[in-house]
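Working notes for the structure below.
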Amino acid sequence: MTWWRQGALGPKPWKEITVGELDAFAEEERETFAPSSLYRAKTQSRFNPQLRLPFVDELLMPTIERAIGQRLGEVIDSVFGELREEVGPERLTDEATHQLLKDAFWLLAAKILRDKDVPSFRSIDLTDAREVLRRVGEHYGEPDQILHKKPKHLAVMGRAAGRIAAVSHLGQVTTEALAYLYETTLVTGELRRTLGIHSTPPYLTDYILGRLEDKIAQIPPDQRHVFEPACGHGAFLVAAMRRLRDLLPEGEGSHSYLQQHLRGLDVDATAREIARLSLTLADIPNPDGWRLDLADMFRGDILSKIAAKSTILLGNPPFESFTPAERERYRLAGSPVTHESRAEEMLWRTLPHLPPGAVFGVVVPQGVLRSKAGRGLRSLIARDFSIDEVLLLPDNVFAFADVEAAVVIGRRSAGDAPRLVRYRRVREPEIADFRATYRTASDRTILQDELARGPDFDLRLPDLYEIWRRGEGSSLADIAVVGLGFQHKGPNELADGAQTLSKKRFSGAVRGYARVGRGLQIHGLPEEVWLNVRKDVIARPRAGTAIGLPQVLVNHRPTDRGPFRLKAVLDAEGHAARDAFLIVRPRSADMPLEVLWALLNSAYANAYAYTHATKRDIDPGVMSAMPVPRIVPEDAAILAREVQGYLQAASDLDRAALKLPAEAAACRARLRRIDALVLRLYDLPPRLERRLFDLFAAAGDERSGVPFAWPTYLPDGFSRRVPLYVYLAAMDDSLAEMPAVSEATSNWTGENLKRLSSSDLEEEIEMIYEELASLSSYGAESRPTAALAARAEDRRRRLRILQEEDVRRLSEAASRDRPRRHEEVDQLLKEYGYTPRPNSTLPASDS
Ligand SMILES: C[S@@+](CC[C@H](N)C(=O)[O-])C[C@H]1O[C@@H](n2cnc3c(N)ncnc32)[C@H](O)[C@@H]1O
């Protein structure tokens with residue numbers, strides 16, 4: 001026998017074992033091949049790489065499970081077809097359909113249980129339908145099923161049973177294969193829509209259970225009661241069963257314990273049948289007896305009653321909204337629904353009833369994090385729960401639903417200790433990596449009070465939150481009016497013969513812009529057309545019909561799915577513009593239009609739009625709230641000159657018949673300088689500036705709208721330890737001489753720069769630490785000035801966004817200095833809910 005191992009370059013033969021050595025080999029490797037080791041490798045190794053086994057290929061397994069699921073689907077389809085034929089051509093009621101499916105399932109269950117060598121099925125004759133029903137009935141605790149069957153039906157079942165018996169060995173059927181079977185074969189499109197069926201992929205159920213493990217371990221074993229409402233085929237129940245068993249000492253996770261501690265509920269009888277088989281397979285060879293209620297969860301008080309007895313709430317409720325007819329039905333039944341989405345309603349009927357200390361982990365549509373109707377639910381969560389984690393998922397997680405979902409994990413917490421939320425986001429291209437490793441680029445920790453702020457308790461947190469938060473204070477709305485272009489009436493509302501737009505001049509028309517156009521360059525303008533802006537053809541004038549006001553136009557729909565989202569162009573004459581554009585006009589004549597152009601085309605604004613706007617459009621309200629730096633007239637003048645230089649150079653390059661590489665490079669360098677200057681004004685610490693650039697780098701940095709290739713934001717050789725402007729100034733004297741830059745770069749030379757190159761994080765932490773130290777001295781001042789108070793507040797804000805790693809280094813940095821400072825830092829960290837390093841890190845000799 002050859003034992004192969006999975007290596008980075010594929011499987012490799014690893015060990016040869018002769019027949020004579022087999023017994024000894026099996027004994028030696030007993031632990032390695034134990035089902036529990038394999039299961040751990042498959043599910044938990046993403047949290048703990050030590051559990052990985054070299055011959056378990058986590059990515060191959062789903063493919064195999066899919067193939068088995070497909071095979072099962074074919075079997076069930078043919079058996080169901082045969083049973084269905086017996087009934088004749090008449091239309092089946094839902095109940096009759098479920099009954100036939102159940103029969104097919106029981107036949108299949110007998111085959112699987114026999115092939116898995118369950119003792120009570122070992123000697124079964126699979127072609128004997130009576131015997132099959134009797135044994136499965138006994139195993140499932142429903143022994144009288146056979147009494148309801150007519151002999152004719154039993155005969156048909158016998159023939160079908162013979163067909164199943166002939167199928168190849170099914171000993172390798174897993175619960176994941178059943179999940180696949182359920183989702184792909186048994187659910188019609190209509191049923192899927194009505195019941196909101198989309199099963200949670202195993203890597204997500206394992207993720208949620210893995211994250212909850214420590215908290216579940218803190219609940220006494222006899223109080224660990226799992227509840228999965230809308231359980232479908234029992235994805236969470238199966239994962240929870242394995243975890244409950246793992247958490248108990250060997251041999252204690254008995255069948256009866258698991259039976260009493262797991263509970264599911266679903267309205268779909270077929271789903272329940274599969275859930276039951278899944279749980280049975282996960283607890284082989286024990287008989288069934290699982291508590292799976294068949295009920296409509298929105299009728300009566302079933303949810304609140306079970307929730308009150310549950311300490312672990314798990315699930316992926318249906319995402320769809322209630323239809324008006326359903327709302328009416330529930331109202332007439334005496335249990336009116338109070339939310340639009342079923343997911344919110346399910347949470348509303350369970351969370352408030354959970355006992356203190358209970359934990360929850362749910363998959364919900366992202367709308368739940370911000371919907372108007374869900375405000376009450378979120379305020380309850382913010383008040384009575386600790387949200388341990390919010391994980392945002394892209395829309396390609398479920399096979400049959402393209403909704404952006406979120407995982408929310410938390411616990412019902414008593415007391416008011418500071419609560420920290422881990423906030424993570426998986427973007428679409430990252431999902432394969434997340435599935436294999438649970439890693440995401442966007443991962444931070446913030447205070448719950450910082451998250452669920454404002455009157456709506458909005459639980460969304462944009463990517464690069466630390467960057468946007470630093471800039472809070474003044475926004476684009478302070479220096480410019482941001483509006484939307486006008487909208488013409490639709491064809492049905494227009495008077496006969498009314499003309500709205502033409503390439504040719506027509507009576508009463510004005511020159512303006514209607515479309516962004518794919519090829520729009522940021523040094524140019526959109527294609528000019530003639531527009532009718534008379535009142536009778538306009539549905540909404542908004543900012544678009546005013547003419548003659550200098551403005552910057554920005555695309556309303558993202559030009560790209562990646563982070564380069566914005567193309568801002570300068571329209572000094574002020575044309576009419578339709579709603580394909582956002583219109584940005586300076587509030588004061590002192591604010592050069594070029595500065596708005598520079599801000600809106602910058603890396604900062606593009607990243608801001610990328611992290612805040614929806615896939616569909618860039619909202620003027622969102623852009624109005626974009627933080628802007630303080631810009632003194634001197635800096636504004638420099639920036640305006642630079643922009644004019646770029647516009648000229650880019651137009652020349654665009655027009656040139658032969659684009660010389662050196663000229664393209666010079667033009668690119670100009671745009672980069674403008675960006676560097678804008679970032680200089682924002683004054684981000686290098687660590688955060690780097691994260692901004694990383695966002696573009698991760699997306700491949702493609703940039704359209706410029707007449708040259710934009711291979712990367714950062715020039716070759718950029719060390720990334722210093723701000724971009726410092727780097728560029730070192731190579732470009734004219735940049736270095738600009739007042740805004742020269743003053744700042746003087747701090748970035750010689751020793752300072754050398755020290756920084758060791759670690760920019762260190763620098764950032766040193767800075768916060770220094771500020772903290774001086775903050776504590778403010779306390780001594782009897783009347784701190786407003787400026788001092790503002791600075792103190794800014795520091796406090798920065799403290800709140802520290803990452804765990806920062807906290808550790810901050811504590812260490814403080815302990816390297818004076819013990820008293822160390823205490824001050826510790827005190828402040830505690831105040832903000834961080835756990836500082838133990839005192840043992842204090843240098844003993846320091847005094
Ligand atoms: C999104 S699926 C989730 C299935 C499973 N929890 C999982 O995570 O894979 C939603 C489930 O809700 C069930 N469902 C829909 N409406 C329901 C209702 N009113 N009462 C109980 N279950 C319902 C559907 O039958 C379906 O199984």
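Numbering of ligands and ligand atoms starts at 1, following listing order. Positions are given from 1 along the sequence.
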Can you establish whether the number of heavy atoms outside E82 located under 6.0 Å from its atom CD is more than 12? yes
On a heavy-atom basis, I'd like to know which of I302, L314, D296 is closest to atom 19 (N) of ligand 1. D296
Looking at D458 and R378, is any side-chain nitrogen of the basic one under 4.0 Å from a carboxylate oxygen of the acidic one? no
Using only atom types and a distance under 3.5 Å, with no angle test, would you say the side chain of T311 pairs donor to acceptor with the backbone of H225? yes
Checking the side chain of R291 only, and the main-chain atoms of Q260 only, is there a donor and an acceptor separated by less than 3.5 Å? yes
Which word best sums up how the rings of Y438 and F434 line up, parallel for under 30°, tilted for 30 to 60°, or perpendicular for over 60°? tilted
Hey, are R331 and E328 close enough for a salt bridge, meaning a charged N less than 4.0 Å from a carboxylate O? yes
Determine, using heavy atoms of H233 and all atoms of ligand 1, whether some pair is separated by less than 4.0 Å. yes
I'd like to know if the side chain of S371 pairs up with that of E344 as donor and acceptor (distance under 3.5 Å, no hydrogens or angles considered). yes
Give the atoms of ligand 1, by number and element, whose distance to some non-hydrogen atom of N316 is under 4.0 Å. 1 (C), 2 (S), 3 (C), 6 (N), 8 (O), 10 (C)
Under a 4.0 angstrom heavy-atom cut-off, which atoms of ligand 1 come close to D268? 25 (O)
Taking heavy atoms and a distance under 4.0 Å, where does F236 meet ligand 1: side chain, backbone, both or neither? side chain
Relative to the heavy atoms of E228, which atoms of ligand 1 are at a distance of less than 4.0 Å? 5 (C), 6 (N), 8 (O)
Per atom 21 (C) of ligand 1, closest listed option by heavy atom (L294, V363, V267): V267
Any ion pair linking D283 and R245 (charged N to carboxylate O, less than 4.0 Å)? yes
Using distance alone, decide if ligand 1 has a nitrogen or oxygen within less than 3.5 Å of any nitrogen or oxygen in M297. yes
With a 4.0 Å cut-off on heavy atoms, is G315 in contact with ligand 1? no
Pull out every atom of ligand 1 sitting under 4.0 Å from any heavy atom of T200, numbered as shown with elements. 7 (C), 8 (O), 9 (O)
Does at least one non-hydrogen atom of A295 fall below 4.0 angstrom from an atom of ligand 1? yes
Centroid separation under 6.0 Å, is that true for the rings of F319 and F398? yes
Just to be sure I read this right, does ligand 1 sit under 4.0 Å from the backbone of C231, its side chain, both, or neither, counting only heavy atoms? backbone
Heavy-atom contacts with F298 under 4.0 Å: which atoms of ligand 1 show up? List them by number with element. 19 (N)
